[in-house]
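Here is the structure we will look at, set down as structure tokens.
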Amino acid sequence: MVDATVSEKTPTVTPSDTSPLLSKGVSTAFDAPVYSDEFSSLPPSEAEILREQVQHTEKSASFMSLFRYADTFDKLLLLFGGLTALAEGCMRPLMTIVFGQVTDLFSNYTRYIPYEEFYSPGFNYTGSHNSTTYGYNETYYNQTVYNSTESYNYMNEYIDPDYFQREVNRLTVYFVIIGIADVALSYFSTYLFIDRGEVLSARIREKYLEATLRQNIGYFDKVGTGEITSRISADAILIQEGISEKVGYCVANFATLIAGFIVGMVRSYKLALILSSMLIMMMFSFAIGSQKMKSAIRRSLSGYSVGGTLAEEVLASVRNVQAFGIQERLALRYDSHLVVTEKYGLRAGICLGIMSGILWFGIFGADAIAFFTAPMYIQQGELTTGIVVTVLLTITHGAFAMSHIAPHFKAFTSATAAATKIYSTIDRVSAIDSKDASGDKIENINGEIELKNIKFIYPSRPNVVVLDDFSLKIPAGKTVALVGASGSGKSTIVGVIERFYKPVKGQVTLDGHDITSLNLRWMRSTISLVSQEPTLFSTTVYENVEQGLIGSPYENLSAIEKRELIVEACKQANALSFIEALPDGFNTNVGERGFLLSGGQKQRIAIARAIVSNPKILLLDEATSALDTKSEGIVQEALDRAAKNRTTIVIAHRLSTIKDADMIVVMKRGEIIETGTHNELIARKSDYYDLVQSQKIEKQKKATIYGEEIGSLSSETSSTLDEKLDNEEILEKVKTKASVKVRDLGSDVEDVENEAAEVTNESGYSIPDLVKFIAGLSQSENSYVYMGVFCSVIQGLSYPALGEFYGHAIQGLQFVLSDPGRMYSETYKYAGLFIFLAVLLCATTASAISLYTYVAQRLIRRIRYQMFRRFLRQDIAFFDLDENTTGTLTMSLAREAQSIDGLSGATFGQIMNSIVNVISSATLAIIVAWNLGLVCVACVPLMVLSGFFRFWVIAKFEETVKKSHEASASYACEAASAIKTVISLTREDDVCEHYHDALHAQTLKSRVASRKSAILYAVAQGMQYFITALAFWYGGNLLRIRQYGLLEFYIAYMAVIFGAQGAGIVFSFASDMGKARLAAINVKKLFDRVPEIDAWSTEGTKSENVEGNIEFKDVVFRYPTRPQVRVLNSLNLRIKKGEYVALVGASGCGKSTTIGLIESFYRPNGGQVLLDGVDIRDLNLNEYRSHIALVSQEPTLYAGSIRDNVKLGSPDENVSDEVMIAVCKQANIHDFIMSLPDGYDTLVGSKGTLLSGGQKQRVAIARALIREPKILLLDEATSALDSESEKVVQAALDEAAKGRTTIAVAHRLSTIQNADVIFVFDQGVVVEQGSHQELLGKRGKYYELVQMQALEEMQ
């Protein structure tokens, strides 16, 4: 039977090459997981109950839905920001109106005839006007000889130079005014959108976490914690980017498009309509391409979410990964999911490239159409050159505006794709909603629980019935114990009572009330649960215990009264002594998931948290499984006292903990075999009797050793033991921010602190260093980069070509009266060149973006893959640091590569062609009109500086907020991974409140940087108009003195203006560049970090014949994160080859630390650890670990099949199924596996959630045995097993131990009584050693431990 649930089945993809990203043969034939109905074989009513617990539908999110959580104030600010963006966008069309007037002014002035050129050469005016003929210059008149009887046509009117200068000055002022207005409008629109984007994305994060925490547990069986972390960090960032300043940019550009069209229609509706045909084509391509992009991006995100879940699983169990040396195999599995992101990311990039290519074709196609049609209208007198230029520039600026939207368009499609995933969770109606306020509340609860005809099936395993027609009545105030083999349904009963799941049939009542009719949060607040694997949160000891008061009548007590309750609860749980021994006492931070505490210490705090609210119902699911023998005895007494006058349900494998229960229920395969008290069941000598017998500790062979003292300790011994427990249970001090200096603790402490300082030291990298680093990662795609750069160079050169063509085309229009034929030939020639340019840019733009996207997607995949590998390369000390929690590292995998992706594809292409544009345009301007070019080009650095300072401000800001984002993401990840604990404590609101506070604090910090960023962007935007004003003013002066003609001016002017716009476009991506810079720094720091214990190292000797002799010589050890406390104090022990050795002692005495040192997780601060007489520091790490197998206290399985998990233990990836089956039989798991519908191909779910604790442990044991190790390390390897399984597995382990060195850490002394040598630890040293019988004879510490674990007194 199955005692837990599983996540959605997802296909496993194996890359076609074992070296991903280094070979061209990697397959991308992988698709996002597709859900299929697994419940069709069940009766409709049952299928519907299961289906509603796991299924959720996705509705495609629209762009406007991204703002669904904006309140009235937000909407007003966004409206104001949108209006200012619209006004800003109208500035450019306004500029074109002024531009047209200037064009007419310049055109007319350049046709003005200077006095000395007016008459024919050689004519000498004498002052007499009586002559009948005069000679004139035929260039300016249509006759060379004047006849007073004929009329003549003057080609232009005379313009006075002073008047010309006054007009230039007046129009220049208009440019300056427009520039000032643009600065103000840009600032407000940019700042408001950045600020509201931060606020609204934080609100979406909150809503997502809130929605996640109210989901039923079946939902989490399908969605892994890593996916939740990816959604709340990476996907929320995508949404933020899609609703921030990019919206303002695009609104402004859209306004430019619309306003330009309106201005064009007003000035010449005929020409505007002709040119708008290109706009329609561009919009049509956008409409189709955007849908294709959105679909591809959504599938890309779906693929990575599965990989994110795997990454979270692996990083959370990094000790297990390193112990088995499976880093590369898991990295390959992770990479198989990255294939999805790469595949669909590339598709999205190609769509964007095609869209952008069509866009540029439309822009230059519009120019071609304009110069084909304009001459006709000018000749007919309908238009002037100025009007043509105004209409052309307004339409062209509108088209350019669309091109500026294109690089940002991916942000919007990514945002809507991410929102689809997030909103589907937010909108999902939970089958069991903890936020539902409806339901009854019983005023005076007694605590009687009854299960009536329950049929239960886990939603993730619809083919297996766990409970069938199960009935059980639990009287109020009584203690009922559930015992039986793993998978018999014991934990399922707890899940049903807590309403984690819905039974498909039957009813559960509380005091006669159906629990489905009761208010869910109220009901859970009356129940306290202590799980088999205790979960603490990354906060202080005090706050962890205080969480047990949430929802109880004591929640709103004063701080003093709360503290009294908390202290008393800790005292009852035997936790007070070790807590008070901490330097920070109750204020000590326990670390992520409580990793800074030993298993027993975590369990005692969890028990204190459970009993602090004096609950009516207490559920203990293996509540003392992690405790050492001493602690178990006293804590069991506390639990016995706590169980009085309340209903208590105990699930236990250690039968010593439940012998005093009012009723014991023996279960097997979902059915009740027998019930009764301990004595009644013993008397029956049936199933329970067999379980007890299998757990009996062997009695001494010599009865005289026991005498009358066996069965109960003397009062002296008992009191001494209590005193020792109070003094010995001391937690190693946690290094918190408030930690004192430790200079007086010895050189080994200083060494540890120096190492930590080196690890956390911020390394500074210059931008060239980062560029070189990223380029090095893309080295295998260099040919694609070169082709992309070549295309970008062509794109960049198109701007000065545009200036050249514009200048000549406008010059050609000047021949409208003097030589119409020449006008047509000139304009048609350049219209043809515009068509050529349109086709060329269409091809190069599409090619460049596609090439850059390919390179970027390969780079992103490579960065994630290599980051994951390097995370797994680090030593365990790296993962002990506060900044390297599982949530933080998982977020880094998603975020860093995504930030670098912000500079890829269309964005990188735009930056490249803008750089080429600036350089080539400035060069052309200086060549054509050197003084005008130099003056205008000299202003461009002002724009560049404004943009650079904005980039610098954003980059610095990103560094400051990174830790805040990591902390909040880690907090959310922690809450999601401990969902059962969170909802059983009714902590949903508490978690959301803390998360809100963290995000709100971050939002407030953001505003200063946002203001600076906005003003610098606004200045950079306004500089375009100021440079335009300077160009016209100075160019007008040069025209006035006739240093340049209209052709030279327009070529130089167009080149400079387009260059200035190019510079402005570059720094509209300052935010993306700032994030990319920080991401590159973080990635490079990780790549440069070489751990002291390096899993990649090839150094060290390789032992040819490992025998298995282990020796500790004067070993001193302190954990790097808490160097103030010695965990091992000159430890000496010797283990001979082939010996079965046990390590026993109180929690925190150094047993598991010893295992960690043997595994080379840490280096001792003093002394040596020897293998066959050789210091393990001198051995090759991977080869050394290949001889060792570890089975940990908390078994770790990975998403995949049972077959995959067992075979992970073998160094040979192609190990046969026969070997796998043999070790599974040894671990007593084969029969269970074969009973499952899919056998060894059965999926175990995320972190093995599909299996019960005992089943997971047996799979883990099989994984260790398939390794055929020389040294077998068992760290509480049978702690999660029921008595029946424990007996069989222990026999298998005893058999497996033959011929190899076996070291077992154990609290259940029945599992190690056959050990060759038992080492008794106390405060980091060995105080006793010998065989079981020898130590009993000494009647020392080991004797006390055995005495407390005896199941029955000797008569």
Side-chain angles (χ1 to χ4, degrees), residues 7-15 20 26-36 55-63 65-66 222-224 226-239 241-242 287-311 333-355 409-425 428 849-850 853-854 856-861 864-865 893-895 897-898 901-902 904-906 1199:
S7 59
E8 176 187 355
K9 293 184 180 181
T10 53
T12 301
V13 179
T14 304
V26 178
S27 171
T28 57
F30 187 92
D31 210 337
V34 178
Y35 180 79
S36 59
Q55 286 189 0
H56 66 283
T57 57
E58 286 187 3
K59 294 181 180 178
S60 182
S62 65
F63 176 73
S65 69
L66 300 178
K222 184 177 179 182
V223 178
E227 180 172 340
I228 294 170
T229 305
S230 297
R231 296 270 179 261
I232 212 164
S233 53
D235 287 7
I237 290 172
L238 289 177
I239 293 177
E241 291 177 348
I288 296 176
S290 63
Q291 289 302 315
K292 297 289 185 182
M293 278 185 65
K294 185 176 177 180
S295 174
I297 291 172
R298 185 168 62 245
R299 300 179 82 172
S300 175
L301 293 175
S302 296
Y304 183 71
S305 66
V306 181
T309 296
L310 174 64
R333 189 180 295 183
Y334 174 68
D335 182 64
S336 70
H337 298 293
L338 298 182
V339 174
V340 186
T341 306
E342 179 185 2
K343 174 182 176 181
Y344 290 106
L346 179 58
R347 285 189 185 180
I350 292 173
C351 286
L352 183 60
I354 294 172
M355 286 165 54
F409 201 74
K410 183 181 177 183
F412 303 139
T413 53
S414 297
T416 53
T420 297
K421 296 292 183 182
I422 288 179
Y423 288 170
S424 67
T425 299
R428 182 180 186 269
I849 293 177
S850 299
T853 300
Y854 174 76
Q857 291 302 318
R858 297 289 290 176
L859 175 63
I860 292 163
R861 177 182 170 191
R864 282 178 170 156
Y865 172 71
L893 282 172
R895 181 176 180 176
Q898 184 174 288
D901 184 27
S904 65

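What you see below is based on every heavy atom in this structure, not just the backbone, and it leaves out hydrogens, waters and symmetry mates. Since this is a predicted model, take the numbers as computed values, not measurements. This chain uses plain numbering: 1 for the first residue, then up along the sequence.
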- Item | Atom pair CG (Leu338) and CD (Gln857), whose distance is rounded to the nearest 0.5 Å | 10.5 Å

- Message: Going by side chain to side chain contact (heavy atoms under 4.5 Å, CB included), name the residues that satisfy it together with Ala348, two or more places apart in sequence or in a different chain.
- Response: Ala296, Ile297

- Query: Once you round to the nearest 0.5 Å, how far does OH of Tyr334 lie from OG1 of Thr309?
  - Reply: 10.5 Å

- Task: Search all heavy atoms of Ala419 against all heavy atoms of Ala61 and return the closest pair with its distance.
- Result: CB-CB, 3.9 Å

- State which residues pass side-chain hydrogen bond (donor to acceptor under 3.5 Å, both in side chains) with Tyr423; sequence neighbours excluded, sorted by chain then number. none

- Message: Taking Leu346's backbone N and O only, do any of them form a donor-acceptor pair with Thr853's side chain (distance below 3.5 Å, no angle check)?
- Response: no

- Message: Exactly one of Glu342, Arg864, His337, Arg861 should register a side-chain contact (heavy atoms from CB on, under 4.5 Å) with Tyr304. Which one does?
- Response: Arg864

- Task: Could you list the residues that satisfy side-chain hydrogen bond (donor to acceptor under 3.5 Å, both in side chains) with Lys292, not counting sequence neighbours?
- Result: none

- Cys351 and Gly289: which non-hydrogen atoms are nearest, and at how many Å? CB-O, 4.3 Å

- Between atom OG1 of Thr416 and atom CD1 of Ile239, what is the distance when rounded to the nearest 0.5 Å? 9.0 Å

- Going from OG on Ser300 to CZ on Arg347, what distance comes out if it is rounded to the nearest 0.5 angstrom? 11.0 Å

